[in-house]
Amino acid sequence: CGEIMPGTVYPASTPPDKTAGAISSYKILRNRIFSAIAQMLELGLAERQSCLELKEKLDANTFNLVVVGQFKRGKTCLINALLGADLLPTSVVPLTSIVTILVYGEKLGARVFFTSGKVIDIPVESLPEYVTEGGNPRNVKDVREVVVHYPSPYLKDGVRLVDTPGVGSVYIHNTDVAYRYLPKSDAALFLLSVDQPASSAEIEFLQDVRAYADRIFFLLNKTDYLAPTE
């Protein structure tokens, strides 16, 4: 994966009075959104499922931190590094083909959601059979997404780490999957690496990410490939 060099400068703690005001504003806005969702559900629109997903997200107070970028930038390796465990499969070839979501859970395990509505529980060791191009080529198993439960403090307060297929690979359907998940992102980790320049596919994808993620954090990966002067 190489050395990760995020260049983010974190501000000092927010004053208590401003924090209280922000929390109060958030609660008011949250209640207004719940009211709007309820009204939309009563209308029976085609977006009913999206409304239900948003309501569930607000109820659970979750935050989707989506890891995006071109294939082979080290996205999956980054997630493993953040959690301090080799949970997700990695390889030297474009690998991830299904959105994989890591959430907090007291016990380690994984759940596979199919587009048909079927759900099965699997051991983490079986993940490659469902989320990789080798185990599930062109998603012949019709998997919608896979959720991995892991007892990490990083995930305990509602953060959901989302590993997306890389864009710009020979597997066009992988890029399509990554694009479809953008509307669900609250913030994005956009991974770049020093071993190759930013591609046109990455720049185009970044422009699309901006429409959905208010906060984008750029990480420069594989810096240990270069000498300190470079």
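Values in this document were obtained by computation on a predicted structure and should not be read as measured data.
Residue Ser152 comes nearest to Tyr104 through the heavy atom pair O-CD1, 3.3 Å, listed as atom of the first residue, atom of the second, then distance. Heavy-atom minimum distance, Leu108 versus Pro151: N-CD, 4.4 Å. The two residues Pro89 and Thr132 come nearest to each other via the heavy atoms CG-CG2, 3.8 Å. Considering all non-hydrogen atoms of both residues, Ala110 and Val124 come closest at N-CG2, 4.5 Å. When all heavy atoms of Arg73 and Leu191 are compared, the closest pair comes out as O-CD2, 3.3 Å.
In this structure the side chain of Leu83 reaches within 4.5 angstrom of the side chain of Tyr150, judged on heavy atoms. Inter-residue side-chain proximity for Leu192 and Leu219 is flagged as unmet; no heavy-atom pair is nearer than 4.5 Å. Counting heavy atoms from C-beta outward, Leu88 and Leu127 have side chains that approach closer than 4.5 Å. Considering only heavy atoms from C-beta on, Leu220 comes within 4.5 Å of Val194 through its side chain. Using a 4.5 Å cut-off on side-chain heavy atoms (C-beta onward), Val119 and Phe114 make no contact. Using a 4.5 Å heavy-atom threshold, the side chains of Ile120 and Tyr130 count as touching.
With rounding to the nearest 0.5 Å, the separation of OG1 in Thr223 from CG in Asp195 is 11.0 Å. With rounding to the nearest 0.5 angstrom, the OG1 atom of Thr115 is 7.5 Å from the CG atom of Asn139. Note: Ile79 CD1 to Leu189 CG = 8.0 Å, rounded to the nearest 0.5 Å. Atoms CG and OG1, on Leu87 and Thr100 in that order, are 11.0 Å from each other to the nearest 0.5 Å. Put simply, CG on Leu65 and CD1 on Ile101 are 12.5 Å apart, with the number rounded to the nearest 0.5 Å. For the atom pair NZ (Lys141) and CD1 (Ile98), the distance works out to 10.0 Å, reported to the nearest 0.5 Å.
Here the side chain of Thr164 pairs no donor or acceptor atom with the backbone of Val99 at under 3.5 angstrom. When atom types are taken as modelled, the side chain of Asp186 and the backbone of Asn64 share a donor-acceptor pair closer than 3.5 angstrom. In this structure, Gln39 contributes its side chain and Ala36 its backbone to no donor-acceptor pair below 3.5 Å.
Relative orientation of the Phe190 and Phe218 rings is tilted, given thresholds of 30° and 60° on the angle between their planes.
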**Message:** Does His149 form a side-chain contact (heavy atoms from CB on, under 4.5 Å) with Val147? I'd like the steps, not just the answer.
**Reply:** CA-CA 7 Å; His149 296 267; Val147 176; 3.9 Å; yes
**Request:** Please lay out, stage by stage, how Asp163 and Leu78 fare under the test side-chain contact (heavy atoms from CB on, under 4.5 Å).
**Result:** CA-CA 10 Å; Asp163 188 17; Leu78 167 66; over 6 Å; no
**Prompt:** Where do Asn136 and Val131 land on the side-chain contact (heavy atoms from CB on, under 4.5 Å) test, with the steps shown first?
**Reply:** CA-CA 7 Å; Asn136 184 17; Val131 304; over 6 Å; no
**Prompt:** Would Tyr154 and Val159 count as a side-chain contact (heavy atoms from CB on, under 4.5 Å) if you check the C-alpha gap in whole Å, the side-chain angles of each, and the deciding distance to 0.1 Å?
**Reply:** CA-CA 7 Å; Tyr154 188 85; Val159 173; 4.2 Å; yes
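The salt bridge (charged side-chain N to carboxylate O under 4.0 Å, His left out) search around Lys156 returns none, not counting sequence neighbours.
A salt bridge does not link Glu133 to Arg138: none of the charged side-chain nitrogens sits closer than 4.0 Å to a carboxylate oxygen.
Other residues, nucleotides and ligands contribute at most 12 non-hydrogen atoms within 6.0 Å of the CG atom of Asp157.
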